[in-house]
Amino acid sequence: MRGKAVFYPIGWDDNGLPTERRVQSYFGVRCDPSLPYDPAFNPPDTGRERHSGAQVPISRRNFVELCQRLTETDEQAFETIWRRLGLSVDWSTKYRTIGEDARVISQRAFLRNLARGEAYQAEGPTLWDVTFQTAVAQADLEDREVRGVWHRIAFTRPGGSPVIVATTRPELLPACVALVVHPDDERYAALVGSTVSTPAFGVEVPVLAHRLAEPGKGTGIAMVCTFGDTTDITWWRDLRLPARPVIGPDGRLRPGPLPWITSPEGQAAYQRLAGLTVTAARRAAADVLRDHGLLAGEPEPVTHPVRFYEKGDRPLEIITTRQWFLRSGGRDDQLRAVMAERGRELDWHPGFMRVRYEDWVAGLTGDWLVSRQRFFGVPIPVWYRLDGEGRPDHGGPILPDDAALPVDPAAEPPPGYQESQRGRPGGFAADPDVMDTWATSSLTPQIAGRWTLDDDLFGRVFPMDLRPQAHEIIRTWLFYTVLRAHAEHHGLPWRHAAISGWILDPDRTKMSKSSGNVVTPAAVLEEFGSDAVRYWAASSRLGSDVTFDTGQIRIGRRLAIKIMNATRFVLAVSAASASGSPTLSPTGPLDQAMLGRLAAVAEECTASFMAYDHARALERTEAFFWTFCDDYLELVKARAYGERGEDAAVSAAGALRQALSVLLRLFAPVLPFVCEEAWSWWQEGSVHLAPWPGPEPLRELAAGADPRMLDVAAAAIGAVRKAKTEARMSMRARVEALVVSGPPDHLALLDPVRDDLAAAGHLARVELRPAPAPGYDVLL
RNA sequence: GGGCGGUUAGCUCAGGGGGAGAGCGCUUCCCUGACACGGAAGAGGUCGCAGGUUCAAAUCCUGCACCGCCCACCA
């Protein structure tokens, strides 16, 4: 409408765990990468939700095929909804993050990150979800308040006296590698440098000093385990402690015996924990300690925050694994500063959302862990050479030819190898992981713009103007996208970010699948219509949450119907004039005043849209529209019907048609369907391709008329209505007179509309009386 | 613990130094010629609390309370 060509792509983020989980429950399967591909496989129970208990193990390739199949049908359903809602995206630019182009671009970007040293592999302690058995990134975490229990347990000094340590995780006692105290904590100064013995397991560990130990927490002595939390990782690194991992990838304590537990009593104690889940082992460890009389006092319940994978339901553990990382600034102050600067370069709507980005960048604790030990995603495009004993050489991964992308290392051999050499000594092995789904969706500007695939398109659309998204994914989608564009293009991926809030349910809690309070759109669209739903959604401002409210949706529906009826009236009442004189020129003062007021509305509406304030644009247009219907239409109705001659009718008809044309275009972005329908009754082409109404043509038509004339005329007719309502009369009832008093300039504005007033109010006469203050008297 | 938003009519919200606003809901009235899937009128508020600045504060400043969120804390 503003005369520009808009590139407005749409994409489906189909990778990742949500899809895998849905496939598991929908088809009743689970992925077992050790199984061979079965080309004849049919899912056991297509189309029926199943319980997770009866899952059939299938190969990775079969599993991925089911993911493909289900996302395709799900995405078709989503597309139907979005189209029905009137989303104005260009459906010919649709992409899928699992689609071929997205895989090519995702792998190519990763390989370029690798070549520049921005991607690297490292082995170390990483946050690990024991249910999904994958590493997760800092951005995927959330804290939840969980009930725990303080155990006060007695370590033993060389002389035999106890040192009490408070912990909520006694099951990690066999993983204890040290105790730490604060260097200034005089209570324990004498202990630092000595060795104590772990209770029940009898392992000698040093007592060390570290500034992160907090004298006020627990007993002031912390047990360092490999690994209970991220502080343990810091202590382990800073104090160069050994690793004694006890928790396996499945969340169970490793089978014994553990080599660092040397005493038979210690080994016996560990056998009571081995193989148990963390929760069960915690109780068992408490029992062991109690049996040995090593618990000081009774366990004490506490509620404390614990880290979870946001999609998981068991606490995260920290497990030492080999993973891929992308440099994000978390370990590099210079890059961190650059990323912070990128956030300042971006125009945020609303501006205060920038703070979330800045907080996140400032709080990064490490690089972005991008490898996931999952199945449905873009594979990490590397292989490893196997040495003579079949051990992979992670130091020099084999890379694919760029022209061969996308590759699936699990299904294709690397350049220079035969498939038969897979897994053989001297042969190769695939990197088994896929990338974090954000590693692909962080490239959506590149994917949509077909980076490296269509240079002409990419050159024209990148960097883009706008990223619209919600606030909870600033730290993921937005940050990662800025990061990838910075690495690859040394600039921002877009100039503006429009950050929306959430839809809250009527109890003001966030709608989410997990809490089951989601209102699915199909029934709402069916009941109220797309325009009504859009009206409600458009009424919310960027950055503010919006409560789901059928009341607001009903108002939108009423507005849409009103637009149709008003259009019908305007076209009917002006038809005769329009056929008589093709160019309808508003010459009446009230008609020009109305258009002058509308000019101001069009100007403010445009300015609001340009400032990303669509809610204000809608509100101003709507407010004017109701005045237009309630007051202006009523005032000019008789004149438009031709009751006072052709010239008067032509002026009214011209103003009505001009105003209608402008109003339909101002409403069109929010109420596309009703506006298109009403437009089609009298105009060629689509309203959505009609020129956006600027104020200037309206100002010319208004010819300098005073817009206040509309206000005083509306006030006068309002006074008549009020009098009739109070007298319990019909609005149609004939009355004697309206006497308007007021200062001369007020009366001067009313004088030209006396005839319109008399007709609309069914008044025998309208009198104007000079007076210091405005007033209205109605003679019934 | 740090930060960001918010607190205005019963509800949902706009406004942001000088008249307390809108819609819904409520009450009453009206089948009027575009619309009864409608229309008209009315009632309804110590603008969270306490200070301060100012001739003037819902609005600016300070503090506090409460709500929501983001981040941190996890021995």
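Hydrogens, waters and symmetry mates play no part in the numbers below; they use all other heavy atoms, side chains included. Naming: A, B, ... by sequence-line order, numbering from 1 per chain. From a predicted model like this one, the values you see are computed outputs, not experimental measurements.
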Base of B:G33, side chain of A:Glu643 - is there a donor-acceptor contact under 3.5 Å?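 Present.
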Between A:Phe528 and A:Trp536, is any pair of side-chain heavy atoms under 4.5 Å apart?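 Counting from C-beta outward, A:Phe528 and A:Trp536 never come under 4.5 Å.
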Please name the nucleotide paired to [N] by Watson-Crick or G-U wobble geometry with both distances under 3.5 Å, or report none.
| N | value |
| --- | --- |
| B:G17 | none |
| B:G5 | B:C67 |
| B:G44 | none |

OP1 or OP2 of B:C37 less than 4.0 angstrom from a side-chain nitrogen or oxygen of A:Arg557, does that happen here?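 No, outside the criterion.
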For B:G15, does OP1 or OP2 lie under 4.0 Å from any side-chain N or O of A:Arg616?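 Result: yes.
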Of the listed nucleotides (B:A41, B:C71, B:A14), which one gets closest to any side-chain atom of A:Arg721?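 Nearest listed nucleotide: B:A41.
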Closest to the A:Trp502 side chain, choosing from B:G3, B:C70, B:U12: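 Selected nucleotide: B:C70.
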What I want to find out is whether A:Arg616 reaches A:Glu619 closely enough, with some N-O distance under 4.0 Å, to be called a salt bridge.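 No.
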Side-chain donor-acceptor pair present, A:Asp591, A:Tyr632, cut-off under 3.5 Å: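 Per modelled atom types, A:Asp591 and A:Tyr632 side chains form a pair under 3.5 Å.
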Taking CH2 from A:Trp536 and C1' from B:U12, how many angstroms apart are they, rounded to a whole number?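 Taking CH2 of A:Trp536 and C1' of B:U12, I get 12 Å after rounding.
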